[in-house]
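The structure appears below as structure tokens.
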Amino acid sequence: MHVDPDQSFPEIREAVRKLCSDFPGEYWRALDRERAYPSAFVAALTKAGFLSVLIPEAYGGSGLGVEAAAAVLEEIHRSGCNGGACHAQMYTMGTVLRHGSEAQKTAILPKIASGELRLQAFGVTEPTAGTDTTRIATFARRDGDAYRVNGQKIWISRAEHSDLMILLVRTTPREAARKPSDGMSVLLVDLREAVGRGLTIRPIRTMLNHASTELFFDDLEVPAANLIGEEGHGFRYILDGMNAERILIASECIGDGRFFIDRATAYARERSVFGRPIGENQGVQFPIARAHVQVEAARLMVERAARLFDEGRPCGSEANMAKMLASEASWYAADQCVQVHGGFGFAEEYDIERKFRETRLYQVAPISTNLILSHVATHVLGLPKSF
Ligand SMILES: Cc1cc2nc3c(=O)[nH]c(=O)nc-3n(C[C@H](O)[C@H](O)[C@H](O)COP(=O)(O)OP(=O)(O)OC[C@H]3O[C@@H](n4cnc5c(N)ncnc54)[C@H](O)[C@@H]3O)c2cc1C
């Protein structure tokens, strides 16, 4: 296994690897077959404090930055595990931390840090709006001390395994807003109270085990005290949180890429065909070496984006570029890993096919590659907008 000589947070990485060794391939395969949630794995990460690294010490977390959180997720993924079941517990709280009132922060952040409360559902995407978030139609109408929410969300991960959800809604119709991104607001929804009282959660079965759901709101009452920040400014609050999400997803891709390269290298050494290890053939070596080069290059961009984020500097473009490079590098590594394993790449017991399916997601979610290229073309290079 290649070990990076100047790897950040070596102690954290070592501790994460040790924890992950209790959750081997058999554990994930069994869950995958049943599309079941990895409760024991998430409980172990919570108990060890790895999901509260981004919460300031004043609220019970470890007060570390995105670079440390990235190290945790990278090692989870390099170990063959998957952080998708709980990575949002790390960063979703950022919307409350940066834009919530002191009362909201004091009420929930210490409980998120201890694991008593799970805030790992984040409801933005809608079936008809797609990536064009300004077209969301889920509407919250103010009614005395509450909002009444009606509408629909799709692809909301972990809603069945979360106590709270950050929800983006319209509070002013798009046509009546000063500009399309105005008039949206963020509500903190208590899912324990909402389900069955105006909120229905329906699971969606997908090619990977990701606890995806569809949400239906039928006059759901949410206390007005659960509004985060100011009404009408929600789009900006959500964008802020997306940078951390993209950097952390990119670090999972780096972990996946390294998993595939570790496995491909080991197999190429041990598998003998035509009387010699297949890894002696340059036709087998070069794709693995190329995958390593691509993952290492992507890693530099992930580190750069994480450092900018932790320094409080603008990092939107770097977070996007890191996510794109890392998701493409992990996908190339996945494809080559299957190829090196020949027929065994398709066998469940090798875990390659499972990780192959899992890493494919990241070129689509949380933001698809075309939208990143469009951001770079117009915001970084100043080319004319196409939409
Ligand atoms: C497993 C999974 C988990 C998810 N979890 C969550 C979650 O927890 N919360 C949440 O809010 N969302 C979640 N999502 C939604 C995810 O963020 C979106 O699927 C993603 O952003 C793409 O949006 P879309 O599916 O609406 O695609 P669309 O917007 O319909 O786009 C479809 C395709 O067209 C391309 N395209 C669209 N417009 C243009 C254009 N102008 N130029 C070039 N190409 C274009 C896109 O790049 C994409 O490839 C999840 C999705 C999945 C699959």
Side-chain angles (χ1 to χ4, degrees), residues 32 35 37 82-95 118-138 149 151-162 164-170 180 184-189 191 199 201-217 234-235 237-246 248-250 252-253 256 319-320 323-324 327-328 331 354-379 383-387:
D32 204 60
R35 291 293 190 267
Y37 188 74
N82 192 313
C86 53
H87 54 202
Q89 176 83 352
M90 283 179 161
Y91 56 76
T92 309
M93 65 80 209
T95 309
R118 297 164 303 167
L119 169 52
Q120 49 175 3
F122 181 63
V124 174
T125 310
E126 297 190 5
T128 49
T131 316
D132 187 357
T133 305
T134 67
R135 303 256 172 207
I136 63 164
T138 297
V149 182
Q152 190 184 344
K153 296 279 172 185
I154 193 165
W155 300 122
I156 309 310
S157 307
R158 303 164 295 269
E160 293 170 298
H161 305 281
S162 194
L164 304 173
M165 170 171 66
I166 293 284
L167 179 68
L168 186 70
V169 291
R170 273 226 164 261
M184 285 181 269
S185 303
V186 172
L187 296 177
L188 187 64
V189 176
L191 293 165
L199 172 63
I201 304 181
R202 194 183 294 159
I204 310 174
R205 203 174 159 91
T206 62
M207 75 189 248
L208 75 166
N209 184 16
H210 200 81
S212 304
T213 69
E214 208 170 355
L215 309 180
F216 300 89
F217 301 90
F235 187 67
Y237 305 157
I238 291 288
L239 282 187
D240 273 6
M242 285 176 171
N243 289 337
E245 179 179 49
R246 283 172 203 178
L248 292 175
I249 298 286
E252 295 188 341
C253 294
D256 280 347
N320 270 311
K323 206 283 279 183
M324 178 179 140
S327 63
E328 291 185 349
W331 177 241
R354 171 177 59 84
K355 293 289 282 179
F356 176 91
R357 286 183 279 116
E358 288 173 359
T359 214
R360 182 62 181 83
L361 173 65
Y362 294 137
Q363 287 174 83
V364 171
I367 183 77
S368 56
T369 303
N370 274 359
L371 271 292
I372 293 179
L373 291 172
S374 159
H375 167 89
V376 172
T378 56
H379 286 78
L383 288 165
K385 285 192 166 187
S386 63
F387 56 88

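Nothing fancy with the numbering, it's 1 onward along the sequence. Each ligand, and each atom within it, is numbered from 1 in the order the structure gives. None of these values were measured; they are calculated from a predicted model. Below, all heavy atoms of this structure are taken into account, side chains as well, without hydrogens, waters or symmetry copies.
At under 3.5 Å, a nitrogen or oxygen of Val124, whether backbone or side chain, sits near a nitrogen or oxygen of ligand 1. For the pair Leu361 and ligand 1, the shortest N or O to N or O distance does not fall below 3.5 Å. Residue His210 places no N or O, backbone or side chain, under 3.5 Å from any N or O of ligand 1. Considering backbone and side-chain atoms alike, Asn370 places an N or O below 3.5 Å from some N or O of ligand 1. Considering backbone and side-chain N/O of Leu371, none are found under 3.5 Å from N/O of ligand 1.
Residue Phe387 approaches ligand 1 through these ligand atoms, each under 4.0 Å from one of its heavy atoms: 41 (N). Near Gly130, meaning under 4.0 Å from any of its heavy atoms, are these atoms of ligand 1: 26 (O), 29 (O). For ligand 1, the atoms closer than 4.0 angstrom to any heavy atom of Ser368 are 46 (C), 47 (O), 48 (C). Of all atoms in ligand 1, listed by their number and element, those nearer than 4.0 Å to a heavy atom of Val364 are 20 (C), 21 (O), 22 (C).
Put simply, the side chain of Thr138 gets close to the backbone of Gln152: a donor and an acceptor are under 3.5 Å apart. With hydrogens and angles ignored, the 3.5 Å screen pairs a side-chain donor or acceptor of Thr92 with a backbone N or O of Ala88. A donor-acceptor pair is defined here as one N or O able to donate and one able to accept, closer than 3.5 Å; no such pair exists between the side chain of Glu126 and the backbone of Lys153.
Using a 3.5 Å distance cut-off with no hydrogens or angles, the side chains of Glu328 and Gln363 do not pair a donor with an acceptor.
With hydrogens left out, the protein atom closest to atom 6 (C) of ligand 1 is Trp155 O, 2.6 Å, a heavy atom. Scanning the protein for heavy atoms near atom 21 (O) of ligand 1, the closest one is Pro366 O, 3.4 Å. Considering only non-hydrogen protein atoms, atom 24 (P) of ligand 1 sits nearest to Thr131 OG1, 4.1 Å. Shortest contact from atom 15 (C) of ligand 1 to any protein heavy atom: Thr125 OG1, 3.3 Å. Nearest protein heavy-atom contact of atom 9 (N) of ligand 1 is Phe122 O, 2.8 Å. Counting protein heavy atoms only, atom 8 (O) of ligand 1 is closest to Ser157 N, 3.0 Å.
Shown here for Tyr91 and Leu248, the closest heavy-atom pair between the two residues is CD2-CD1, 3.5 Å.
Heavy atoms of Ile156 come nearer than 4.0 angstrom to ligand 1 in at least one pair. Remark: distances from the non-hydrogen atoms of Ser212 to ligand 1 include one below 4.0 Å.
Using a 30° and 60° split on the angle between ring planes, His379 and His375 fall in the parallel class, below 30°. Ring pair Phe356/Trp331 is tilted by interplanar angle, where 30° to 60° counts as tilted.
The only option from Leu361, Asp32, Asn82, Thr359 that meets the side-chain contact (heavy atoms from CB on, under 4.5 Å) definition with Leu208 turns out to be Leu361. Each of Lys355, Arg357, Arg354, Arg360 was compared with Asp256 under the salt bridge (charged side-chain N to carboxylate O under 4.0 Å, His left out) criterion, and only Lys355 meets it.
For CZ of Arg35, the number of neighbouring non-hydrogen atoms (other residues, nucleotides, ligands) closer than 6.0 Å is greater than 12.
Within a 4.0 Å radius of atom 41 (N) of ligand 1, the protein has at least one heavy atom. Of the protein's heavy atoms, none falls inside 4.0 Å of atom 34 (O) of ligand 1. Atom 3 (C) of ligand 1 lies below 4.0 Å from at least one non-hydrogen atom of the protein.
To the nearest 0.5 Å, the span separating CD on Gln120 from NE2 on His87 amounts to 8.5 Å.
Side-chain contact between Ile136 and Phe235: absent, with no pair of heavy atoms (C-beta onward) separated by less than 4.5 Å.
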